[in-house]
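Order of the sequence lines sets the chain letters (A, B, ...), proteins ahead of strands, with each chain counted from 1.
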Number of protein chains: 2
Amino acid sequence: MPAPPEKKPSRIQIRNRRKIMDAALDVFSQHGFRGATLDQIAEAAGMSKPNLIYYFDGKEAIHVALLNALMTEWLDPLREMDAQGDPLQEILAYVRRKMEMSRQFPRESRLFAIEIIQGAPRMLPHLESDLKPLFDEKCALIAGWMEAGKLAPQDPQQLVMSIWALTQHFADFDTQVRVLVPDEVAGWDAANAHVETIFKAILTPKG
Amino acid sequence: MPAPPEKKPSRIQIRNRRKIMDAALDVFSQHGFRGATLDQIAEAAGMSKPNLIYYFDGKEAIHVALLNALMTEWLDPLREMDAQGDPLQEILAYVRRKMEMSRQFPRESRLFAIEIIQGAPRMLPHLESDLKPLFDEKCALIAGWMEAGKLAPQDPQQLVMSIWALTQHFADFDTQVRVLVPDEVAGWDAANAHVETIFKAILTPKG
DNA sequence: CGTGTTTTTTACCATTTGGTAAAGCCACGA
DNA sequence: TCGTGGCTTTACCAAATGGTAAAAAACACG
């Protein structure tokens, strides 16, 4: 079996796997799993199709590897939300980190979005095992803050999902945003400001 | 050429075109254009593949027909926003209509989302010609309301896009929502309430 | 340099896929 | 009853696609 060696990956292996993952991210995030072809990925990676198969067990393995890597990084901003910090600032900082990720990693955002929209056929287990516990933990934290009067009371689950909805929108619907708000830089600043305004408005506890 | 007749479509034609469009909506909204196959659509429509081609010129024609039909209906809620009505109530009513559409027509929402995420290859012209003018018109209307002191001042473009982001999220990311908030009914009610809270909070002018 | 290992390519293959040709079916009017 | 015209199916096809086999090339290292 020409599967990649289990032990120390060589420098070439590391480099080429990276190249493949990056190319696959391009292609999968633009066409989804079924719509993407190995030839497209191979060309984007600058190597031959059988060479992909040398490094990964197949199309699906590449996709799964991408999703696995993504799931970890993608949740980091939420993990950083600190129970010790100031509640309002913690949440606003989280919002800012998510907005920053949307701007810097739109491909990752879209890969994730397409996978979810299509029913998460390859990621449901990850959602249950990785996302759900973290989500519940942070919702509990936020609920605690609200009970302590540090934040305006509301449904923490809906709050977190609202953050996701708003922050990811600018990456996922970039094409539409660009048609409606042609000035990219101005649009981005305005989006940042608006999103911040929203969460300040609904989170600031009423004196 | 076996193209569908240009004149009066028969009852059978109407019925079958509907069936095809409905089946295609299922398949395209789940796999995207490239990931969908004519066989899938044919099976979902309960007819043979060549029969699809009898009614539509090909895969792309079906997709385009779907997007055309969608673009019209999809913008109706925004068109209904009335310059004569009470500003805050008009916007809240629009938000409610969009939420309702997300719940009732999740396939349409996903079809649209996938198309946009993938760069809108078949819809950019529509965005420019249909969406943009309406968007600009309604933004101007909202801006007027703000200047008149009827709404808290803010970027109208960002406001409208925020409405889209929040309302569509529940249709598009349904899979994720269901993992995190298993109780569908409760989740939906909470979402409605939360979204309404958000827009009341940021739109109510400060006395 | 020589030899064993890793990496890459060329040449294929079976299946899937969008689409076509042509014959069959079926309702309906003369 | 027989056509006639719209509708549907069966039988295909060429291209694309995921993947394999095996040889060639590049490399590591004594």
Side-chain angles (χ1 to χ4, degrees), chain A residues 1-67 118 121-122, chain B residues 1-67 118 121-122:
Chain A
M1 201 187 294
E6 311 288 342
K7 289 263 173 175
K8 296 197 179 189
S10 71
R11 239 158 280 119
I12 292 180
Q13 271 177 14
I14 291 175
R15 177 175 51 84
N16 279 353
R17 287 213 194 179
R18 256 204 251 288
K19 259 169 64 173
I20 292 172
M21 300 263 290
D22 190 71
L25 181 56
D26 267 355
V27 178
F28 281 134
S29 69
Q30 204 166 81
H31 300 288
F33 179 73
R34 292 217 48 197
T37 74
L38 285 180
D39 295 279
Q40 286 176 297
I41 299 174
E43 197 194 332
M47 64 182 74
S48 65
K49 184 168 59 174
N51 218 5
L52 296 190
I53 307 299
Y54 176 76
Y55 286 106
F56 289 90
D57 275 349
K59 188 184 177 184
E60 182 142 354
I62 301 177
H63 196 238
V64 168
L66 262 184
L67 291 178
Q118 299 186 345
R122 276 160 259 277
Chain B
M1 201 187 292
E6 312 287 344
K7 288 263 172 172
K8 296 197 180 189
S10 71
R11 242 158 277 117
I12 293 180
Q13 271 177 15
I14 291 175
R15 177 175 52 84
N16 279 352
R17 286 211 194 182
R18 257 203 249 288
K19 260 168 67 173
I20 293 172
M21 300 263 290
D22 190 70
L25 181 56
D26 267 356
V27 178
F28 282 135
S29 69
Q30 203 165 77
H31 300 289
F33 179 74
R34 290 218 49 197
T37 73
L38 285 181
D39 294 279
Q40 286 175 298
I41 298 173
E43 196 194 333
M47 64 182 75
S48 65
K49 184 168 59 173
N51 217 5
L52 295 191
I53 309 297
Y54 176 76
Y55 287 105
F56 290 90
D57 276 348
K59 188 184 178 185
E60 182 143 353
I62 301 177
H63 196 238
V64 168
L66 262 183
L67 291 178
Q118 298 186 345
R122 276 160 258 279

A:Met47 CE to C:dT10 P, straight-line distance once rounded to whole Å: 14 Å
Any A:Gln13 side-chain nitrogen or oxygen under 4.0 Å from OP1 or OP2 of C:dT7: yes
Value in whole Å for how far the P atom of D:dC27 lies from OH of A:Tyr54: 13 Å
Value in whole Å for how far the P atom of D:dT20 lies from CZ of A:Phe56: 16 Å
Nearest-0.5 Å distance that lies between atom CG in B:Leu25 and atom CD1 in B:Ile20: 13.5 Å
Pairs under 3.5 Å (N/O, protein and nucleotides 24-28 of chain C):
none

Parallel, tilted or perpendicular: ring planes of A:Phe33 versus A:His63, cut at 30 and 60 degrees: tilted
Sequence-distant partners of B:Glu43, side chain to side chain donor-acceptor pair (under 3.5 Å), two or more places apart: none
B:Leu52 CG - D:dT9 C1' separation (whole Å): 13 Å
C:dT9 phosphate, OP1 or OP2, under 4.0 Å from A:Ser48 side-chain N/O: yes
Qualifying salt bridge (charged side-chain N to carboxylate O under 4.0 Å, His left out) pairs with a residue from residues 20-37 of chain B, counting only residues at least two apart or across chains: B:Asp22-B:Arg107, B:Asp26-B:Arg107
Sort me out a list of protein N/O and nucleotides 14-18 of chain C N/O pairs below 3.5 Å, or just none if empty.
unit_1 : atom_1 : unit_2  : atom_2 : d
C:dT17 : OP1    : A:Arg34 : NH2    : 2.8
C:dG18 : OP1    : B:Ala36 : O      : 3.1
C:dG18 : OP1    : B:Lys59 : NZ     : 3.0
C:dG18 : OP2    : B:Leu38 : N      : 2.7
C:dG18 : N7     : B:Lys49 : NZ     : 2.9

Whole angstrom value for the distance that separates C1' of C:dA22 from CG of B:Asn51: 15 Å
Distance, rounded to the nearest Å, where A:His31 contributes NE2 and D:dG18 contributes P: 12 Å
Contact under 4.0 Å: A:Asn16 side-chain N or O vs C:dT6 OP1/OP2: no
Between C1' of D:dG18 and CZ of A:Phe28, the distance in whole Å: 12 Å
Test salt bridge (Lys or Arg N to Asp or Glu O under 4.0 Å) applied to B:Arg122 - qualifying residues, sequence neighbours left out: B:Glu60
Pairs involving residues 47-56 of chain A, ordered by first then second residue, that meet salt bridge (charged side-chain N to carboxylate O under 4.0 Å, His left out) (sequence neighbours left out): A:Asp39-A:Lys49
Pairing residues for B:Asn51 by the side chain to side chain donor-acceptor pair (under 3.5 Å) criterion, not counting sequence neighbours: none
Nearest-angstrom distance from the residue atom CD of A:Gln40 to C1' of D:dG18: 13 Å
Candidates C:dA11, D:dT8, C:dT8 - which lies nearest the side chain of B:Tyr55: D:dT8
Residue list, side-chain contact (heavy atoms from CB on, under 4.5 Å) with B:Gln118, at least two apart or on another chain: A:Ile114, B:Ile114
Those residues that, when tested against B:His31, pass ring pair (Phe, Tyr, Trp, His ring centres under 6.0 Å) (two or more places apart): none
